[in-house]
Protein chains: 2
Amino acid sequence: MNHSPQTKPDYERELRRAGVRITRPRRVILDILAATEDHPDAMEIFQRASSIDKSISLSTVYRTMKLLEGMGAIHRHAFEGGPARFEQASGDHHDHLIDLDTGDVIEFHSNRIEELQDEIARELGYEIVHHRLELYGRRRKAGNRK
Amino acid sequence: MNHSPQTKPDYERELRRAGVRITRPRRVILDILAATEDHPDAMEIFQRASSIDKSISLSTVYRTMKLLEGMGAIHRHAFEGGPARFEQASGDHHDHLIDLDTGDVIEFHSNRIEELQDEIARELGYEIVHHRLELYGRRRKAGNRK
DNA sequence: CGCTAGTTGCAAACGATTTGCAATTGCATT
DNA sequence: AATGCAATTGCAAATCGTTTGCAACTAGCG
Ligand SMILES: [Mn+2]
Ligand SMILES: [Mn+2]
Ligand SMILES: [Zn+2]
Ligand SMILES: [Zn+2]
């Protein structure tokens with residue numbers, strides 16, 4: 001769930017295997033993604049990349065994100081409001097809880113919910129290809145226990 | 001769940017109560033929404049409105065949707081890919097299953113999932129304000145039984 | 001080291017939505 | 001019914017995030 005620094009998949013190998021050239025901009029972006037623990041958007045990735053190599057363009061960031069998404073190396077999220085955010089696909093599947101006040105993104109997973117989704121789809125005659133479960137909420141005040 | 005023609009809330013009354021002027025464009029858009037069974041986007045609403053009153057503009061459709069959303073009369077959905085889609089808020093809460101091949105939107109509801117969401121948020125110290133659950137899938141082939 | 005297809009930066013195009021503004025209109029008031 | 005003014009409108013231009021055309025560049029093979 002993105003919390004293990006040791007989880008740094010070898011994207012370069014994977015890319016070469018797919019017949020894709022491993023260029024300087026891509027190497028920089030790949031390194032950034034591998035080192036990232038959060039869910040940065042294209043502009044944030046672009047800024048982090050710029051600080052390493054001034055010549056990298058935002059277009060290349062977008063193109064690289066699309067490339068990686070296509071090969072399943074990253075996931076793209078479109079949370080309410082803002083621009084698309086990305087994260088490595090290497091970890092286990094999880095969904096997100098977004099703190100409406102701070103914008104913080106918290107990851108969670110529920111096997112039970114995943115099962116129920118499959119069950120619902122099946123009953124409707126469908127097979128789920130992917131899904132999106134996002135909870136938007138705010139921190140419970142200390143006094144809110146009940 | 002939008003399937004009952006008799007469910008046509010009196011938006012006009014609600015609007016007046018909120019100190020909002022009930023203009024001709026708004027009346028037309030309101031009527032369209034009340035009669036709508038699906039999840040049209042702004043352009044579709046605009047076209048339906050145009051066929052009733054040529055002078056209505058797309059801007060006004062957008063402004064009206066925002067107004068109605070603000071007063072809780074409609075819900076705005078941002079399904080993958082396309083533009084925002086709208087639906088009356090009058091019915092009971094439900095989530096959506098999108099057919100990836102046809103674009104069809106199927107509504108469903110699971111009390112169990114809703115409960116689990118609350119439980120998860122609570123455990124994380126959060127209170128859910130709203131959520132988004134979308135299943136993207138394709139029809140199961142007739143032979144796919146198992 | 002040269003070749004060529006893949007890749008880049010840049011600027012311009014894009015699609016959806018929002019906004020500034022001057023003209024129009026709802027509607028409360030005479 | 002006429003008045004007045006703020007709310008609302010249509011239009012065009014602006015905005016935001018993202019994509020794309022293109023000429024210049026470069027990875028990677030020979
Ligand atoms: Mn995540
Ligand atoms: Mn619906
Ligand atoms: Zn999930
Ligand atoms: Zn729900």
Side-chain angles (χ1 to χ4, degrees), chain A residues 11-32 39-71 73-86 103, chain B residues 11-32 39-71 73-86 103:
Chain A
Y11 288 137
E12 291 201 16
R13 182 167 308 285
E14 204 175 330
L15 280 169
R16 285 181 191 290
R17 200 172 47 68
V20 175
R21 286 187 189 171
I22 170 71
T23 64
R24 173 147 171 68
R26 282 181 182 158
R27 208 186 310 273
V28 171
I29 293 171
L30 250 16
D31 285 351
I32 289 171
H39 302 75
D41 60 36
M43 184 56 65
E44 286 162 353
I45 293 170
F46 167 63
Q47 285 161 351
R48 296 180 201 183
S50 294
S51 76
I52 295 172
D53 180 342
K54 281 294 194 189
S55 76
I56 291 172
S57 75
L58 182 55
S59 295
T60 294
V61 171
Y62 274 112
R63 279 191 278 235
T64 302
M65 300 323 282
K66 178 160 290 186
L67 178 82
L68 295 176
E69 187 187 8
M71 62 191 329
I74 63 171
H75 288 311
R76 171 192 302 260
H77 301 295
F79 299 138
E80 276 197 348
R85 296 173 157 263
F86 308 88
Chain B
Y11 289 136
E12 291 202 14
R13 182 167 308 283
E14 204 175 329
L15 281 169
R16 285 180 191 289
R17 201 172 47 67
V20 174
R21 287 186 188 172
I22 169 71
T23 64
R24 174 148 170 68
R26 281 180 183 157
R27 209 187 309 272
V28 171
I29 293 171
L30 250 16
D31 286 351
I32 289 171
H39 302 76
D41 61 34
M43 185 56 66
E44 285 162 354
I45 294 170
F46 168 64
Q47 285 160 352
R48 296 180 200 183
S50 294
S51 76
I52 295 173
D53 180 341
K54 281 294 193 190
S55 76
I56 291 172
S57 75
L58 181 56
S59 296
T60 293
V61 171
Y62 274 113
R63 279 191 280 236
T64 302
M65 298 324 281
K66 178 161 290 186
L67 178 83
L68 295 176
E69 186 187 9
M71 61 191 331
I74 62 170
H75 288 312
R76 170 192 304 262
H77 302 295
F79 299 138
E80 270 194 356
R85 297 175 155 261
F86 308 88

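Every heavy atom of this structure was used, including side-chain atoms; hydrogens, water molecules and symmetry mates were not. Letters A, B, ... are given to chains in the order of the sequence lines, protein chains preceding strands, and every chain is numbered from 1. All values derive from a computational prediction rather than experimental measurement.
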Visitor: Would you call the rings of A:Phe79 and A:His77 parallel, tilted or perpendicular, taking 30° and 60° as the class edges?
Guide: parallel
Visitor: Round to the nearest Å and state the distance from B:Leu58 atom CG to C:dA16 atom C1'.
Guide: 9 Å
Visitor: Side chain of A:Thr60, heavy atoms from C-beta onward: which of C:dT8, D:dT18, D:dG10 has the nearest atom to it?
Guide: C:dT8
Visitor: Counting heavy atoms from C-beta on, name the nucleotide in D:dG28, D:dT18, D:dT19 closest to the side chain of A:Arg21.
Guide: D:dG28
Visitor: Starting at atom CD of B:Gln47, determine the distance to atom C1' of C:dA16, rounded to an integer number of angstrom.
Guide: 14 Å
Visitor: Out of C:dT7, D:dT19, D:dC22, which has the shortest distance to the side chain of A:Thr23?
Guide: C:dT7
Visitor: Is a donor-acceptor pair below 3.5 Å formed from side chain B:Arg63 to base D:dG10, judging by atom type as modelled?
Guide: yes
Visitor: Among A:Val28, A:Ile45, A:Ile32, A:Asp41, which residue meets the side-chain contact (heavy atoms from CB on, under 4.5 Å) test with A:Val61?
Guide: A:Ile45
Visitor: In whole angstroms, how far is the P atom of C:dA16 from the CZ atom of B:Phe79?
Guide: 16 Å
Visitor: Using the side-chain heavy atoms of B:Ala42, tell me which of these nucleotides is nearest: D:dT19, D:dT9, C:dT17.
Guide: C:dT17
Visitor: Calculate the interatomic distance between A:Met65 atom CE and D:dG17 atom P; express it in whole Å.
Guide: 16 Å
Visitor: In this structure, how many angstroms lie between the C1' atom of D:dC11 and the CZ atom of B:Phe46, rounded?
Guide: 12 Å
Visitor: Under 3.5 Å, is there any donor-acceptor pair linking the side chain of B:Ser59 to the base of D:dA13?
Guide: no
Visitor: D:dA7, C:dT17, D:dC11: which one has an atom nearest the side-chain heavy atoms of B:Ser57?
Guide: D:dC11
Visitor: In the structure I gave you, are the side-chain heavy atoms of B:Arg48 and B:Ile29 within less than 4.5 Å of one another anywhere?
Guide: no
Visitor: Does B:Arg26 reach the side chain of B:Thr23, with side-chain heavy atoms less than 4.5 Å apart?
Guide: yes
